[in-house]
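What follows is a set of notes on a single structure, which appears directly below.
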Amino acid sequence: MYKTGVTLSRRTAIVIIVDCSTSMKKYTMFNGMRIVKAEAAEFITNMIIDELYERAIRFDVTRYYYDIAIIGFSGDGTYSKLPGIHDFVPIYNFTDFEPQPKTYNFDQTLNDGRCIKVPFVIRPWIKAEAHGTSPLFEAMVRTKDLIERWCADKQNSYSLPPIIFNITDGDCFDDDAWSLIDVANDIMTTSTTRGKSLLINIVLRTIGEEDDNLPLFPTDADFYSTKRSHMILLRMSSILSPDVSEQIKKVFRLNHDGPYRGLAYDTSIIRLLHLVSIGTDPS
């Protein structure tokens, strides 16, 4: 997703916003399996962190390629889901609280029609939560303040711009659509000298409330949803550059042309991280 790779001299910041409200107790279809949305959000988040963590390790040394923040939002307000007093945690500090790996089992249908359990072994960096209301606007404001401070820090001036993943079912009860879109635009225009921040929304749909008009990585022209929250999330998603859109079209085997919005649903998004080159030069 960057024209240049992530290195020690071109670090970046990753923010993962996790919906922890009561609506996340409902079920979604994830990887072909019926699962509670909160558990799907836990799995996606842990997969992203694991991927970043493993790719930062070189010869048993965790290199300082990125800062990571995990922001949960629920009836308790917004809060960091990582230990420590600061929202951002340098990747090398993750070794201080690395948990024992956990096995997640998912159903997978084979070509002959048989269904088998496939294990995924990852570290449970965060745990699922689902309680209270859904203060998405508050979480966005916190994210905006967080990345603005990060980008304003002189040591990050020549770093790559932050990437923000918002994992949610789209419900929001703490502000109106225009306020949400405005703060999302503020996030997307926050920048370093190397470009603007990327905001990608990962939508977990509720079983029984699916919307058939939701393409993976839609364009403004081909997207329409009967759910107001999904239309809002479209406007809250970054428009991906033509070169990134072309890569996404190949990786996700999309039938429609870009440029795409950074809006996906029921997916781990790990394939997106594979578009990011990490640690490929000696800097």
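Position 1 is the first residue of the sequence, and the numbers go up from there.
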Same apolar cluster: [X] and [Y], side chain cutoff 4.5 Å:
X	Y	value
Ile239	Ile164	no
Ile116	Tyr104	yes
Phe137	Trp178	yes

Using every non-hydrogen atom in the two residues, find where [X] and [Y] come nearest and quote the distance to one decimal.
X	Y	result
Ile126	Glu42	O-CG, 3.5 Å
Ile35	Ala40	CD1-N, 4.0 Å
Cys151	Thr192	SG-CG2, 3.8 Å
Ser197	Pro161	N-CB, 3.8 Å
Ala41	Met24	CB-CE, 3.8 Å
Ser134	Phe73	OG-CE1, 3.4 Å

Are any non-hydrogen side-chain atoms of [X] and [Y] less than 4.5 angstrom apart?
X	Y	answer
Glu51	Met47	no
Thr62	Ile57	yes
Asp87	Ser80	yes
Thr28	Thr206	no
Leu52	Ile48	yes
Lys81	Glu129	yes
Ile44	Phe165	no
Ile49	Ile70	yes

Straight-line distance of [X] [atom1] to [Y] [atom2], nearest 0.5 Å:
X	Y	atom1	atom2	result
Leu233	Leu136	CG	CG	7.0 Å
Leu180	Ile232	CG	CD1	6.0 Å
Tyr158	Arg11	OH	CZ	14.5 Å
Thr143	Glu138	OG1	CD	10.5 Å
Ile200	Leu240	CD1	CG	6.0 Å
Asn46	Lys127	CG	NZ	10.5 Å

Using a distance-only test with no angle check, is there a side-chain donor-acceptor pair under 3.5 angstrom linking [X] and [Y]?
X	Y	answer
Ser237	Asn201	yes
Thr78	Arg142	yes
Ser21	Asp19	yes

Show your working on side chain to side chain contact (heavy atoms under 4.5 Å, CB included) between Ile122 and Phe43 and close with a plain yes or no.
CA-CA 9 Å; Ile122 60 175; Phe43 180 79; 3.8 Å; yes

side-chain contact (heavy atoms from CB on, under 4.5 Å) against [X], all qualifying residues, sequence neighbours excluded:
X	result
Ser74	Cys20, Asp76, Tyr79, His131
Tyr27	Arg34, Val36, Ile207
Val121	Pro101, Thr103

Using modelled atom types only, decide if a donor and an acceptor are shared between the side chain of [X] and the backbone of [Y] within a distance under 3.5 Å.
X	Y	value
Arg194	Ser191	no
Thr190	Ile147	no
Asn156	Ser159	no

Passing candidate, salt bridge (Lys or Arg N to Asp or Glu O under 4.0 Å) with Asp169, options Lys37, Lys26, Lys25
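Exactly one candidate clears the test, Lys37.
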
Under 30°, 30 to 60°, or over 60°: which ring-plane class applies to Phe88 and Trp150, parallel, tilted or perpendicular?
tilted

Once you measure the plane-to-plane angle for Trp125 and Phe97, does it fall in the parallel (<30°), tilted (30-60°) or perpendicular (>60°) bin?
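Correct class here is perpendicular.
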
Let me have the donor-acceptor pairs involving side chains of residues 250-258, under 3.5 Å, with sequence neighbours excluded, atom names and distances please.
residue: His256; atom: NE2; partner: Leu216; partner atom: O; Å: 3.4
residue: His256; atom: NE2; partner: Phe217; partner atom: O; Å: 2.8
residue: Asp257; atom: OD1; partner: Lys249; partner atom: NZ; Å: 2.3

Please walk me through it: do Ser241 and Asp243 pass side-chain hydrogen bond (donor to acceptor under 3.5 Å, both in side chains)?
CA-CA 6 Å; Ser241 65; Asp243 55 327; 2.5 Å; yes

Apply the test side chain to side chain contact (heavy atoms under 4.5 Å, CB included) to residues Met33 and Lys117: give CA-CA distance (whole Å), side-chain angles for both, the deciding distance (0.1 Å), then the verdict.
CA-CA 10 Å; Met33 181 177 177; Lys117 291 285 186 182; 3.8 Å; yes

Let me have the donor-acceptor pairs involving side chains of residues 181-189, under 3.5 Å, with sequence neighbours excluded, atom names and distances please.
residue: Asn185; atom: ND2; partner: Ile181; partner atom: O; Å: 3.3
residue: Thr189; atom: OG1; partner: Asn185; partner atom: O; Å: 3.0
residue: Thr189; atom: OG1; partner: Asp186; partner atom: O; Å: 3.2

Between Ile16 and Val18, does the side chain to side chain contact (heavy atoms under 4.5 Å, CB included) criterion hold? Intermediate values first, please.
CA-CA 6 Å; Ile16 306 174; Val18 186; 4.0 Å; yes

Do the ring centers of Tyr92 and Tyr64 come within less than 6.0 Å of each other?
yes

Residues Arg63, Leu8; criterion side chain to side chain contact (heavy atoms under 4.5 Å, CB included); working and verdict
CA-CA 7 Å; Arg63 309 193 80 185; Leu8 293 177; 2.9 Å; yes

Set of residues satisfying salt bridge (Lys or Arg N to Asp or Glu O under 4.0 Å) with respect to Arg123, sequence neighbours excluded
Asp50, Glu54, Glu98

